[in-house]
Amino acid sequence: MTEITSKELGLISDALNAEGLLCKKARAYSKTLTDVDLASVMTRIADEHEQRFNVLLNLIGG
């Protein structure tokens, strides 16, 4: 496996923070929405952000 540079690690860290925040917000919205269809969409969006978060985390061996 190729070494990750400090700049790349910083970029991955920033992306992890962003994906984590987006996931949390989408989950919170999905729980507060009264429209079932919109809540379902927000749950799907949260799941997608969580998947990207996990991919990024795996890049740094987390």
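For the single chain, residues carry numbers from 1 onward in sequence order.
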Side-chain donor-acceptor pairs under 3.5 Å in residues 24-34, sequence neighbours left out?
from  : atom 1 : to    : atom 2 : distance (Å)
Arg27 : NH1    : Asp47 : OD1    : 3.0
Arg27 : NH2    : Asp47 : OD1    : 2.8
Arg27 : NH2    : Glu50 : OE1    : 2.6
Ser30 : OG     : Arg27 : O      : 2.7
Thr32 : OG1    : Ala28 : O      : 3.3
Thr32 : OG1    : Tyr29 : O      : 3.2

Quiz item: Is the backbone N or O of Val36 less than 3.5 Å from a side-chain atom of Ser40, with the two atoms forming a donor-acceptor pair by type?
Solution: no

Quiz item: Are Leu22 and Met42 connected in the hydrophobic side-chain network, where two residues link if heavy atoms are under 4.5 Å apart?
Solution: no

Quiz item: Stepwise, does the side chain to side chain contact (heavy atoms under 4.5 Å, CB included) test hold for Leu56 with Leu59?
Solution: CA-CA 5 Å; Leu56 290 166; Leu59 283 176; 4.1 Å; yes

Self-check item: Residues that Gln51 engages under side-chain hydrogen bond (donor to acceptor under 3.5 Å, both in side chains), provided they are two or more places apart
Solution: none

Quiz item: In the single-linkage hydrophobic clustering (I, L, V, M, F, W, Y; side-chain heavy atoms under 4.5 Å), do Leu11 and Leu9 co-cluster?
Solution: no

Exercise. Rounded to the nearest 0.5 Å, what's the gap from CG on Leu21 to CG on Leu16? Could you check?
Key: 12.5 Å

